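Data block below; observations after.
Predicted model, so just to flag it, every value in this text is computed and none were measured. Atoms within each ligand, like the ligands themselves, are counted from 1 in listed order.
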Amino acid sequence: MNIVILAAGQGKRMQSSIPKVLHPLAGKPMLGHVLDAVSLLSDAENIQPCVVIGHGGEAVQQYLLKHYPKTRVALQNEQKGTGHAVIQGLNQQVSEVITLVLYGDVPLIQTQTLKQLLDIASDGVLALLTQHVNNPTGYGRIVRNLNGEVVQIVEEKDADALVKKITEINTGILACPTQELNHWLAQIEPNNTQGEYYLTDIVSLAANAYTPIRTTTPTFDWETQGVNSRAQLALLERVYQGYLAQDLLDLGVTIVDPARIDIRGSLECEPDVFIDIGCIFEGSVRLNTGVRIGPYCQIKNSTIDAGTQVHAFTHIDGAKIARDAVIGPYARIRPGAQIADQVHIGNFVEVKNADVGKGSKANHLSYIGDATVGEGVNIGAGTITCNYDGANKHRTVIEDGAFIGSDTQLVAPVRVGKNATIGAGTTLTKDAPAQKLTISRTKQASIDWQRPIKNKLRNDQ
Ligand code: UD1
Ligand code: CA
């Protein structure tokens with residue numbers, strides 16, 4: 001199969017220096033959504049989609065090289081219309097197969113709908129994806145004869161009053177045998193209001209040649225919505241987020257307000273997960289049963305095991321959190337953090353590239369970076385692992401059962417032995433032996449003294 005994805009248009013109304021098809025929807029460029037839908041087709045390995053680029057083509061090409069290296073590009077130097085664009089895309093494509101035409105700015109087309117369309121086209125007919133809408137303004141209209149057969153598509157700008165009343169619209173997406181398509185495309189002329197080569201003109205050519213034309217409709221209305229402006233993109237984002245939320249609700253997840261969740265990637269949840277308002281999930285996130293996410297959390301590329309609670313305003317990125325832990329509010333868990341069962345990480349605690357063992361607690365205002373913390377460790381408020389000497393990072397090891405007094409600096413590399421106690425305010429520069437109290441502190445002294453007295457002459461200051 002050939003797949004041609006049109007993406008050469010400028011997208012003027014986006015008011016952006018970024019090509020339109022690279023604007024993200026649900027965290028992924030629109031073009032990426034289209035290519036992902038294609039990649040789920042059954043014979044995807046054998047398909048090499050071709051993206052027709054023009055405006056901002058270099059950026060689009062770079063994006064494709066990085067994320068979809070199998071994809072080909074065809075350059076359309078001048079945007080002479082959708083028909084002209086498809087011709088560019090079909091250069092060097094084999095003609096014995098079906099061609100599917102898609103659009104880089106119609107991001108949410110679903111694989112299931114493509115399969116429907118391709119099924120029809122496989123009978124050697126021209127398959128059009130059409131839709132009945134309340135307000136057809138701006139779209140090409142599907143004109144049928146008295147037998148209900150499609151005979152023509154008329155663009156809004158070329159339509160008379162009667163045609164404008166038709167509410168069945170052309171979504172633009174179509175599939176048909178490539179040989180015929182090439183044949184029709186060679187015949188289209190830019191004799192219309194816009195002076196463009198219309199892809200849609202192949203429809204009357206097919207009808208005249210008695211090639212059957214059949215239509216199908218998408219499962220969801222939003223699948224075929226195109227994006228021309230930021231406003232349309234924002235609206236489509238909400239529609240899609242609503243759909244993603246509905247999926248989770250159906251699986252038994254509580255989402256306090258489905259209108260206030262953002263999933264930019266994949267969020268996998270077991271039943272009885274609870275998600276409060278304003279949370280953002282990025283990349284690949286998994287939440288196991290009973291996990292509770294408080295309001296306004298941002299969670300990226302992480303897994304959280306059963307029963308763990310994440311309180312408000314917590315950021316978690318690249319972490320693995322085990323069962324029945326309590327995280328936040330206002331905690332920051334960074335890449336490489338592995339948090340074991342029943343750990344408590346409290347407010348304003350940052351954990352990076354660190355293992356924190358079962359049942360350990362760091363409840364307030366601490367930095368735990370490049371560290372291995374054993375089980376049952378208590379880390380007092382204001383504890384800092386000084387992991388960076390300005391050139392290299394070093395590791396801190398805190399063994400099981402240790403107690404770290406408040407306001408301790410652990411200057412890595414350093415080790416705190418099993419069940420050791422570190423006195424509050426200690427700057428630990430050497431290993432602290434197991435079982436003992438280690439403390440570095442200047443001796444406390446009390447001195448008789450007089451407080452300074454305010455100078456009366458200058459008391460206006
Ligand atoms: C097109 C259809 C119309 C349909 C509508 C659905 C034609 C003539 N009309 O109209 O029937 O209802 O889509 O949204 O096909 N593009 C190129 N190169 C070009 C021209 C366009 O790559 O030379 C790309 C654009 O970037 C865009 C897509 O093709 O992604 C559609 O082009 P656009 O000009 O928006 O077509 P419409 O007038 O909306
Ligand atoms: Ca359009």
Requested in this report: May I ask you to test the Leu35-Ile5 pair for a side-chain heavy-atom distance under 4.5 Å?
Outcome: yes
Report task. Go through ligand 1 atom by atom and flag the ones less than 4.0 Å from a non-hydrogen atom of Thr200. Result -> 7 (C), 8 (C), 9 (N), 11 (O), 15 (O)
Query - ligand 1 N/O within reach of Gly138 N/O, cut-off under 3.5 Å - result: no
Report task. Give me the ring orientation class for Tyr240 and His33: parallel if the planes are under 30° apart, tilted from 30 to 60°, perpendicular past 60°. Result -> perpendicular
Report task. Side-chain contact test, heavy atoms from C-beta onward, threshold under 4.5 Å: evaluate it for Val4 versus Leu90 and give yes or no. Result -> yes
Query - Close N or O approach (Glu78, ligand 1; < 3.5 Å) - result: no
Query raised in the report: Taking N or O atoms only and a 3.5 Å limit, does Gly172 qualify as a polar contact for ligand 1?
Result: no
Query raised in the report: Of the listed options (Gly104, Pro136, Ala74, Gly81), which comes nearest to atom 20 (C) of ligand 1 when hydrogens are ignored and any heavy atom counts?
Result: Gly81
**Report entry** Atoms of ligand 1 close to Lys80 [distance to a heavy atom under 4.0 angstrom, numbered from 1]
**Finding:** 23 (O)
Query raised in the report: With the threshold set at 4.0 Å, does a side-chain nitrogen-carboxylate oxygen contact exist between Asp272 and Arg292?
Result: no
Requested in this report: Give a yes or no on whether the backbone of Arg286 and the side-chain of Ser302 come within a donor-acceptor separation of less than 3.5 Å.
Outcome: no
Query raised in the report: Counting both backbone and side chain atoms, is some N or O of Tyr139 under 3.5 Å from an N or O of ligand 1?
Result: no
Query raised in the report: Is Glu196 touching ligand 1 with its side chain, its backbone, both, or neither, if touching means heavy atoms under 4.0 Å apart?
Result: neither
Query raised in the report: Is it true that Asp105 and Lys20 make a salt bridge, defined as a side-chain N closer than 4.0 Å to a carboxylate O?
Result: yes
Query raised in the report: Please, which pairs that meet side-chain hydrogen bond (donor to acceptor under 3.5 Å, both in side chains) have at least one residue in residues 37-48, sequence neighbours excluded?
Result: Gln48-Arg72
Query - Test item: Ser122 and Ile98 side chains (from C-beta on) under 4.5 Å apart, heavy atoms - result: yes
Query raised in the report: For ligand 1, which atoms sit closer than 4.0 Å to a heavy atom of Gly140?
Result: 3 (C), 4 (C), 11 (O), 12 (O)
Query raised in the report: Which is it for Tyr296 and Asp276 under the side-chain hydrogen bond (donor to acceptor under 3.5 Å, both in side chains) test, yes or no, and what are the steps along the way?
Result: CA-CA 8 Å; Tyr296 301 108; Asp276 216 323; over 6 Å; no
Report summary line: At under 4.0 Å between heavy atoms, what of Ala8 touches ligand 1? The answer is both
**Report entry** Atom indices of ligand 1 within 4.0 angstrom of Leu6 heavy atoms, with elements
**Finding:** 22 (O), 24 (C), 29 (O), 30 (O)
**Report entry** Atoms of ligand 1, numbered as shown, that sit under 4.0 Å from any heavy atom of Gln79
**Finding:** 18 (N), 19 (C), 23 (O)
**Report entry** Polar contact flag for Gln76 and ligand 1 (N/O pairs, less than 3.5 Å)
**Finding:** yes
Query raised in the report: With a 4.0 Å cut-off on heavy atoms, does His84 reach ligand 1?
Result: no
Query raised in the report: Does Asp105 approach ligand 1 within less than 4.0 angstrom via side chain, backbone, both or neither, non-hydrogen atoms only?
Result: side chain
Query raised in the report: Where the side chain of Gln110 meets the backbone of Leu108, is there a donor-acceptor pair that is under 3.5 Å apart?
Result: yes
Query raised in the report: Would Asp370 and Tyr388 count as having a side-chain donor-acceptor pair, cut-off 3.5 Å?
Result: no
Query raised in the report: Looking only at N/O atoms, are Thr82 and ligand 1 under 3.5 Å apart anywhere?
Result: yes
Requested in this report: Flag this pair as yes if the NZ/CZ of Lys80 is under 6.0 angstrom from the six-membered ring centre of Tyr197 and inside a 45 degree cone about the axis; otherwise no.
Outcome: no
Requested in this report: Classify the contact between Tyr103 and ligand 1 as side chain, backbone, both or neither, using a heavy-atom distance cut-off of under 4.0 Å.
Outcome: side chain
Query raised in the report: Within the structure, does Glu155 bring an N/O atom to less than 3.5 angstrom of an N/O atom in ligand 1?
Result: yes
Report summary line: In ligand 1, the atoms that come under 4.0 Å of a heavy atom of Thr171 are 6 (C)
Query - Student check: side-chain heavy atoms of Ile142 and Arg144 closer than 4.5 Å - result: yes
Report task. Under 4.0 Å from a heavy atom of Ala85: give me the atoms of ligand 1 that qualify, with their elements. Result -> 17 (C), 18 (N), 22 (O)
Report summary line: For Tyr198, the ligand 1 atoms with a heavy-atom partner under 4.0 Å come out as 8 (C)
